[in-house]
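Everything on this sheet refers to the single structure shown next.
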Amino acid sequence: MAAMSTTPAALPRVLSGIQPTSDSFHFGNYLGALRQWASLQDGHEAFYFIADLHSLTVPQDPKELRKRFVACAAQLIASGVDPARSAMFLQSHVPEHAELGWVLQCITSFGEARRMTQFKDKSGKDGEGAASVGLFAYPMLMAADILLYRPKYVPVGEDQRQHLELTRDLAQRFNHRYKKTFPLPEPYILKSTGKIYDLQNPTAKMSKSASSAAGIIDMLDEPSVSAKKIRSAVTDSGSEVRFDPEEKPGVSNLLTIYSSLSGRTVPELEDAYAGRGYGDFKKDLAEVVVDFVTPFRSRTLELLDDRAELEAVLERGSAQAREVASRTLSDVYDRVGLIRIGSGRD
Ligand code: AMP
Ligand code: TRP
């Protein structure tokens with residue numbers, strides 16, 4: 001009797017990236033994206049990278065940038081990314097990202113790249129005339145990051161949705177113009193935490209480029225500093241703890257953070273604080289935040305004691321990533337009529 005094949009079906013893939021533009025990730029990064037990076041490791045083959053090439057689209061201090069890679073890696077692990085299960089790497093260590101990026105730029109129209117709202121936002125006060133060409137080409141590099149791995153899901157925050165749409169358009173265009181090469185990746189964006197707002201300016205997203213540090217909770221802040229930021233967060237007129245993003249953006253943002261860290265639902269929290277006012281609510285949330293950031297911070301510092309291990313993790317991750325990326329790039333080169341030297345095909 002012929003033996004039945006027992007090869008397990010390949011797991012669907014998941015991929016995401018984060019820029020090394022600050023010494024510490026913040027609550028928006030964690031709740032909007034990183035927490036999902038960790039949970040999606042179950043049942044998926046995961047590729048997670050530090051988007052160092054993307055960070056060059058705006059000026060960076062080389063010394064500062066170089067120091068950040070291990071700090072980012074440590075924070076990813078402290079967020080729950082498990083290097084034994086997921087490939088964790090630096091984008092620039094897999095040159096296929098830049099190579100596919102170029103091919104995708106060549107099938108993107110100037111007009112559609114110009115429609116990317118993040119380009120407009122990030123070109124800043126000096127306007128697009130002074131922005132780098134790299135900043136303009138950023139979404140096509142991001143599309144390459146994604147399509148190289150043919151992932152099913154891309155866990156990101158709401159601000160990346162438009163880039164994901166462009167990625168899908170480019171994948172479809174490539175498939176149509178040449179040959180079916182890329183499955184269409186799906187954004188994995190949580191409705192509840194896809195956009196975390198600034199504590200001092202709760203209609204703007206929490207962002208490293210915010211004008212005041214008081215509005216941002218950095219994951220590596222001293223816990224007492226984070227507690228103070230919560231207690232001084234802007235709340236709205238009235239005194240009722242109620243989820244209403246239109247009328248009460250400040251309180252609603254705090255409810256989102258409270259709910260996602262404690263596992264209690266928003267209606268449960270509304271009930272628990274009925275008739276108690278903002279003071280109690282913020283005091284309790286400050287405690288929840290301290291309980292969360294304290295172990296995160298010590299775990300990160302502990303991991304940073306062994307820099308050699310973090311570097312080894314990134315090196316192993318890039319070898320795993322290159323295996324997949326190289327195969328995809330060879331397919332792409334073949335389809336567009338280029339010849340690849342040392343294609344990495346088996
Ligand atoms: P970045 O720091 O821009 O590389 O962002 C890393 C990840 O965090 C991306 O998936 C972003 O969409 C996500 N992110 C950044 N800021 C926020 C925010 N305020 N709320 C939710 N997600 C965010
Ligand atoms: N553009 C993303 C951000 O700023 C980071 C990023 C780069 C990314 N390449 C990616 C996210 C690929 C998901 C997939 O947040």
Side-chain angles (χ1 to χ4, degrees), residues 13-38 40 46-58 60 68 72 75-76 79 81 89-92 94 96-98 100-101 104 116-119 121-122 134-135 137-168 170-171 185-210 215-219 245 249 252-253 256-257 260 321 325:
R13 293 208 181 112
V14 48
L15 166 128
S16 197
I18 186 162
Q19 297 192 66
T21 37
S22 164
D23 291 336
S24 170
F25 296 145
H26 59 67
F27 262 38
N29 300 137
Y30 178 75
L31 297 175
L34 299 180
R35 205 151 72 151
Q36 287 63 258
W37 290 23
L40 284 167
F47 294 85
Y48 295 132
F49 66 94
I50 298 165
D52 53 353
L53 295 176
H54 274 105
S55 73
L56 297 182
T57 56
V58 294
Q60 301 290 338
R68 277 194 205 126
C72 289
Q75 289 174 80
L76 291 181
S79 302
V81 173
F89 60 99
L90 290 183
Q91 183 185 30
S92 64
V94 183
E96 287 81 357
H97 288 239
L100 180 60
L104 294 180
M116 295 296 112
T117 55
Q118 202 170 68
F119 174 66
D121 296 346
K122 286 202 178 178
L135 190 65
Y138 177 120
M140 288 71 91
L141 178 59
M142 176 162 167
D145 298 337
I146 297 169
L147 296 178
L148 276 176
Y149 300 89
R150 299 173 159 122
K152 180 164 170 57
Y153 293 122
V154 182
V156 283
E158 186 59 49
D159 60 351
Q160 298 302 314
R161 189 183 290 280
Q162 196 188 28
H163 292 156
L164 260 296
E165 276 159 17
L166 176 72
T167 302
R168 290 167 60 92
L170 294 179
E186 287 175 38
Y188 189 92
I189 301 173
L190 293 193
K191 207 158 167 275
S192 53
T193 54
K195 190 166 180 185
I196 299 294
Y197 295 87
D198 186 289
L199 300 182
Q200 289 299 321
N201 180 13
T203 51
K205 76 168 181 184
M206 187 178 284
S207 154
K208 326 176 218 230
S209 51
I216 308 163
I217 302 201
D218 276 328
M219 303 286 286
S252 303
N253 188 40
T256 300
I257 295 173
S260 61

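Throughout, numbering of the chain's residues begins at 1 and tracks the sequence. Order of listing sets the numbers, starting from 1, for every ligand and every atom in it. Quick caveat: nothing in here was measured; it's all calculated off a predicted structure.
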Report the member of [options] with the shortest heavy-atom distance to [atom].
{"atom": "atom 21 (C) of ligand 1", "options": "Ala204, Gly194, Pro155", "answer": "Gly194"}
{"atom": "atom 5 (O) of ligand 1", "options": "Asn29, Leu190, Ile189", "answer": "Asn29"}
{"atom": "atom 14 (C) of ligand 2", "options": "Ile146, Leu148, Thr57", "answer": "Ile146"}
{"atom": "atom 15 (O) of ligand 2", "options": "His54, Gln118, Gln160, Lys122", "answer": "Gln160"}
{"atom": "atom 2 (O) of ligand 1", "options": "Gln160, Gln19, Lys208, His26", "answer": "Lys208"}

Close side-chain approach of Tyr197 to Leu199, heavy-atom, < 4.5 Å: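 No, too far: nothing below the 4.5 Å cut-off.
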Tyr138: numbered ligand 2 atoms lying under 4.0 Å from its heavy atoms: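 So the atoms of ligand 2 that pass are 1 (N), 2 (C), 3 (C), 4 (O).
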Show your reasoning for whether ring pair (Phe, Tyr, Trp, His ring centres under 6.0 Å) applies to His163 and Phe119. CA-CA 11 Å; His163 292 156; Phe119 174 66; over 10 Å; no
Using heavy atoms and a threshold below 4.0 Å, how should the contact between [X] and ligand 2 be classified: side chain, backbone, both, or neither?
{"X": "Asp159", "value": "neither"}
{"X": "Gln19", "value": "side chain"}
{"X": "Leu141", "value": "neither"}
{"X": "Phe49", "value": "side chain"}

Nearest protein heavy atom to atom 23 (C) of ligand 1, by residue and atom, and its distance?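 Of the protein heavy atoms, Gly28 O, 3.3 Å lies nearest.
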Heavy atom of the protein closest to atom 20 (N) of ligand 1 (residue, atom name, distance):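 Its nearest protein heavy-atom neighbour is Ile196 N, 2.9 Å.
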Among the heavy atoms of Thr21, does any lie under 4.0 Å from an atom of ligand 1?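 No, that is not the case, since the closest heavy atom of the residue is not under 4.0 Å from the ligand.
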Check: Ser16 N/O within less than 3.5 Å of ligand 2 N/O: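 No, no N or O pair falls under 3.5 Å.
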Atoms in ligand 1 flagged as close to Ala33, the criterion being non-hydrogen separation under 4.0 Å: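 Under 4.0 Å from Ala33, ligand 1 has these atoms: 7 (C), 8 (O), 10 (O).
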